[in-house]
Amino acid sequence: MKEFFKISFEDEIPKYVQIANRIRKLIDNKDISDGEKLPTIRELADILEVNNVTIVNAYKKLKSDGYAFQKVGSGTYAKRKELTSLFNREYSKIFKNMLPEELEKIIDFTGETNTEVYFPINEFKSVINKVLDRDGANALIIKEPLGYEKLRETINKSFWNNKLDLDNILIVSGAQQGIDIASKAIVNINDNVIVEKPTYGGALSVFKWRRANIFEIEIKEDGVDLDEFEEILKKNKISCFYTMSYFQNPTGISYSREKKLKLLDLSKKYDFYIIEDDYLSELIYDNNIIHEPLKKLDKYERVIYIKSFSKIFLPGIRLGYMVTPASFNEIIQSSKINTDITTSSLMQRALELYISEGFWKEHIAYQCREYKKKYKLIKSLIEDELLDKVTYIDPKGGLYFYIKLKDKSITSKELYYKLKRKNVFITPGVIFYRDSKNGDYFFRIGFSQVSKDKIIKGIGLIKEEL
């Protein structure tokens with residue numbers, strides 16, 4: 001072990017810096033594995049013939065640089081900085097350079113947002129005109145850092161039966177900004193966070209940029225494994241848990257009421273916060289599923305609730321809102337102001353009028369009917385065409401299916417490349433894990449961007465490749 005850590009100390013550089021740099025190099029070169037326990041302070045001090053304080057300072061530097069983390073009562077562990085994999089970068093650029101005529105020719109099972117066919121363009125145009133006639137230049141000029149007050153009032157009335165404190169509602173530019181703002185408020189360098197396994201890649205990116213230690217918990221058919229969850233809570237101080245309580249991305253799983261209540265009890269007992277990304281809960285296709293987010297059950301003030309209007313309405317308007325515990329209002333509002341000062345005043349006013357005049361409720365009901373038809377079509381095709389090759393969990397809502405390959409002779413990335421050559425695009429499971437070694441035999445197919453004819457053709461081509 002002494003040879004492994006051997007250092008020829010230089011006089012000009014503090015010894016603790018040289019030790020930290022040496023260990024950092026060992027971690028980068030994978031001589032020390034990600035998550036591997038480092039020697040105790042006394043052991044390493046003896047090996048390098050330095051005093052204990054030098055090792056303490058070296059480990060502190062590693063932690064501040066994001067190369068180590070501590071487990072209470074257990075010791076210090078290595079943490080390798082994760083870079084986005086080449087495949088993830090390639091995947092993220094799929095459609096960026098495609099021309100409109102090329103997009104028409106492909107079958108896009110990767111989409112997660114509303115298609116233009118379902119957007120009520122005439123209604124929204126009339127609403128914008130009404131706002132401009134009513135408010136004039138104020139619709140474009142006035143900036144309200146916390147969001148247009150009347151929109152916050154309408155959200156409270158229409159979605160929360162006026163049970164929220166208006167000061168706890170903050171308008172944001174979509175769910176991604178909401179996750180970023182929440183993480184800045186409660187996650188510091190080397191803090192511990194828990195996410196579902198698998199989970200939304202955008203949230204993983206936020207926590208990685210915060211240099212947090214990310215713990216993944218396997219998700220079951222009614223939510224995360226709570227036994228595994230509590231074991232982590234017992235051994236580690238956790239800052240927050242990120243979850244999608246309805247139609248989780250990518251699995252499509254929704255939490256049972258029992259698990260929601262248990263999670264809230266655990267958040268109180270172990271003093272952590274829950275970031276709830278209420279993703280697609282408007283799109284429920286099964287009458288047995290009741291919309292009751294964690295925030296509605298939150299008697300301990302532990303939930304930061306995030307809702308985007310972009311996914312089910314129009315991605316281009318980039319609007320959403322957060323509901324925060326009162327204790328976080330100041331820091332979250334400051335974080336929002338420091339990020340972009342304010343969100344589009346015109347779009348906020350247009351959305352408020354759209355909701356208050358009843359268009360929103362009608363439009364969501366219409367979308368539910370239309371997407372349910374696609375959901376039922378894909379489900380029947382999976383059952384009829386693919387079930388000898390795959391397994392899946394019925395999401396009963398949302399915009400996608402998460403599918404597991406039975407045959408381990410082909411990975412989801414290999415399937416992705418085979419289908420890409422036929423102009424069919426799926427999302428391989430590796431996109432949704434902290435470690436790209438996971439998810440090799442899972443893939444997601446979304447149906448928001450595809451017509452019924454393309455769904456039938458696309459599933460047929462997937463069957464051919466399998």
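We count residues from 1, following the sequence as given.
- Here the side chain of Lys295 pairs a donor or acceptor atom with the backbone of Val303 at under 3.5 angstrom.
- Taken from CD1 in Ile382 to NZ in Lys389, the straight-line distance is 16.0 Å, to the nearest 0.5 Å.
- Sequence neighbours left out, the pairs with a member in residues 157-167 that pass side chain to side chain donor-acceptor pair (under 3.5 Å) are Trp160-Tyr321.
- Using a 4.5 Å heavy-atom threshold, the side chains of Asn192 and Ile232 count as separate.
- Side chains of Leu261 and Leu297 form a contact here, defined as non-hydrogen atoms less than 4.5 Å apart.
- When only modelled atom types and interatomic distance are considered, Ser451 and Asp453 share no side-chain donor-acceptor pair under 3.5 Å.
- Lys406 NZ: more than 12 foreign heavy atoms inside a 6.0 Å radius.
- Side chain of Lys260 to backbone of Glu292: a donor-acceptor contact under 3.5 angstrom is found.
- Side-chain atoms of Lys396 never come within 3.5 Å of backbone atoms of Asp286 as a donor-acceptor pair (strictly under, hydrogens ignored).
- The minimum heavy-atom distance linking Ser267 with Ile274 is given by the pair CB-CD1, 4.1 Å.
- Tested against Phe272, the residues Phe241, Phe229, Tyr242 include a single ring-ring contact (aromatic ring centres under 6.0 Å, His included) partner, Phe229.
- Looking only at side-chain heavy atoms (C-beta outward), Tyr400 and Asn249 come within less than 4.5 Å of each other.
- Side chain of Lys79 to backbone of Arg211: a donor-acceptor contact under 3.5 angstrom is found.
- No donor-acceptor contact under 3.5 angstrom links the side chains of Ser345 and Glu144, judged on distance only.
- Taking the six-membered ring for Trp and the full ring otherwise, the centers of Phe328 and Tyr273 sit less than 6.0 Å from each other.
- Interatomic distance, Asn423 CG to Glu104 CD, rounded to the nearest 0.5 Å: 12.5 Å.
- Heavy-atom minimum distance, Glu276 versus Ser245: OE2-OG, 2.7 Å.
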Apply the test side-chain contact (heavy atoms from CB on, under 4.5 Å) to residues Thr199 and Gln248: give CA-CA distance (whole Å), side-chain angles for both, the deciding distance (0.1 Å), then the verdict.
-> CA-CA 8 Å; Thr199 192; Gln248 192 259 3; 4.2 Å; yes

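- Considering Tyr354, Phe124, Tyr279, Trp360 in turn, Trp360 is the only one that fulfils the ring-ring contact (aromatic ring centres under 6.0 Å, His included) rule with Phe309.
- Other residues, nucleotides and ligands contribute only 12 or fewer heavy atoms inside 6.0 Å of the NZ atom of Lys262.
- In this structure, Thr110 contributes its side chain and Thr427 its backbone to no donor-acceptor pair below 3.5 Å.
- Annotation for Val206 and Asp180: closest pair CG1-CA, 4.0 Å, computed over non-hydrogen atoms.
- Looking at every heavy atom in both residues, Leu399 comes nearest to Tyr285 through CD2-OH, 4.4 Å.
- Environment of NZ in Lys454: crowded, with over 12 heavy atoms of neighbouring residues, nucleotides or ligands closer than 6.0 Å.
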For the pair Leu419 and Ile462, evaluate side-chain contact (heavy atoms from CB on, under 4.5 Å) and give the outcome as yes or no after the intermediate values.
-> CA-CA 7 Å; Leu419 290 169; Ile462 291 173; 3.8 Å; yes

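- For Glu383, the CD atom counts as densely surrounded, since its 6.0 Å shell holds more than 12 non-hydrogen atoms of other residues, nucleotides or ligands.
- Residue Leu294 holds its CG atom at 11.0 Å from CZ of Arg257, rounded to the nearest 0.5 Å.
- When only modelled atom types and interatomic distance are considered, Glu216 and Tyr433 share no side-chain donor-acceptor pair under 3.5 Å.
- Nearest approach of Phe247 to Leu283, heavy atoms of both residues: CE1-O, 3.4 Å.
- For Ser335 (side chain) and Ile331 (main-chain N/O), no donor-acceptor pair under 3.5 Å exists by modelled atom type.
- No side-chain heavy atom of Ile445 sits less than 4.5 Å from a side-chain heavy atom of Ile455.
- Other residues, nucleotides and ligands contribute at most 12 non-hydrogen atoms within 6.0 Å of the NZ atom of Lys299.
- Remark: Arg302 CZ to Lys268 NZ distance equals 6.0 Å, nearest 0.5 Å.
- Val195 has its side chain within reach of Ile214: a pair of non-hydrogen atoms, C-beta onward, lies under 4.5 Å apart.
- A heavy-atom distance below 4.5 Å is found between the side chains of Gln177 and Lys336.
- Within the model, atoms CZ of Arg210 and CG of Asn188 stand 6.5 Å from one another, a figure rounded to the nearest 0.5 Å.
- Side chains of Asp298 and Tyr305 form no contact here, defined as non-hydrogen atoms less than 4.5 Å apart.
- Looking at Asp394 and Tyr375, their side chains do bring a donor and an acceptor atom within 3.5 Å of each other.
- Remark: of the listed residues Asn156, Thr324, Asn329, Asn329 is the sole one forming a side-chain hydrogen bond (donor to acceptor under 3.5 Å, both in side chains) with Asn168.
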Might you work through the salt bridge (Lys or Arg N to Asp or Glu O under 4.0 Å) test for Lys237 and Asp271, ending with a clear yes or no?
-> CA-CA 8 Å; Lys237 172 59 183 161; Asp271 189 24; 3.4 Å; yes

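- How far CG of Leu387 is from CD of Glu385: 11.0 Å, rounded to the nearest 0.5 Å.
- Side-chain atoms of Ser173 never come within 3.5 Å of backbone atoms of Leu319 as a donor-acceptor pair (strictly under, hydrogens ignored).
- The cationic group of Lys379 does not satisfy the cation-pi geometry with Phe401, failing either the under 6.0 Å distance to the six-membered ring centre or the 45° limit from the ring axis.
- Residues Ala212 and Val187 share a closest heavy-atom pair of CB-CG1, 3.8 Å.
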With a 3.5 Å cut-off and sequence neighbours excluded, list the donor-acceptor pairs that the side chains of residues 127-137 form with protein atoms.
unit_1 : atom_1 : unit_2 : atom_2 : d
Asn129 : ND2    : Lys125 : O      : 3.3
Lys130 : NZ     : Glu357 : OE1    : 3.3
Asp135 : OD2    : Arg349 : NH1    : 2.9

Worked verdict on Ile194 versus Val224 for side-chain contact (heavy atoms from CB on, under 4.5 Å) = CA-CA 11 Å; Ile194 298 177; Val224 289; over 6 Å; no

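- For the side-chain hydrogen bond (donor to acceptor under 3.5 Å, both in side chains) with Glu282, the lone residue among Gln367, Lys361, His291, Lys307 that qualifies is Lys307.
- Glu465 and Tyr416 form no side-chain donor-acceptor contact under 3.5 Å, judged by distance and modelled atom types alone.
- Checked by atom type, the side-chain pair Glu230/Tyr270 shows a donor-acceptor distance below 3.5 Å.
- Residues Leu263 and Thr243 are not in side-chain contact: their nearest non-hydrogen atoms beyond the backbone lie 4.5 Å or more apart.
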Criterion side-chain contact (heavy atoms from CB on, under 4.5 Å) on Phe359 and Leu353, from CA distance to verdict = CA-CA 9 Å; Phe359 292 130; Leu353 195 59; over 6 Å; no

I'd like a table of donor-acceptor pairs (distance under 3.5 Å, sequence neighbours excluded) in which one partner is a side-chain atom from residues 148-155, with atom names and distances.
unit_1 : atom_1 : unit_2 : atom_2 : d
Arg152 : NE     : Gly147 : O      : 3.4
Arg152 : NH1    : Leu166 : O      : 3.0
Thr154 : OG1    : Lys150 : O      : 2.9
Thr154 : OG1    : Glu352 : OE2    : 2.7

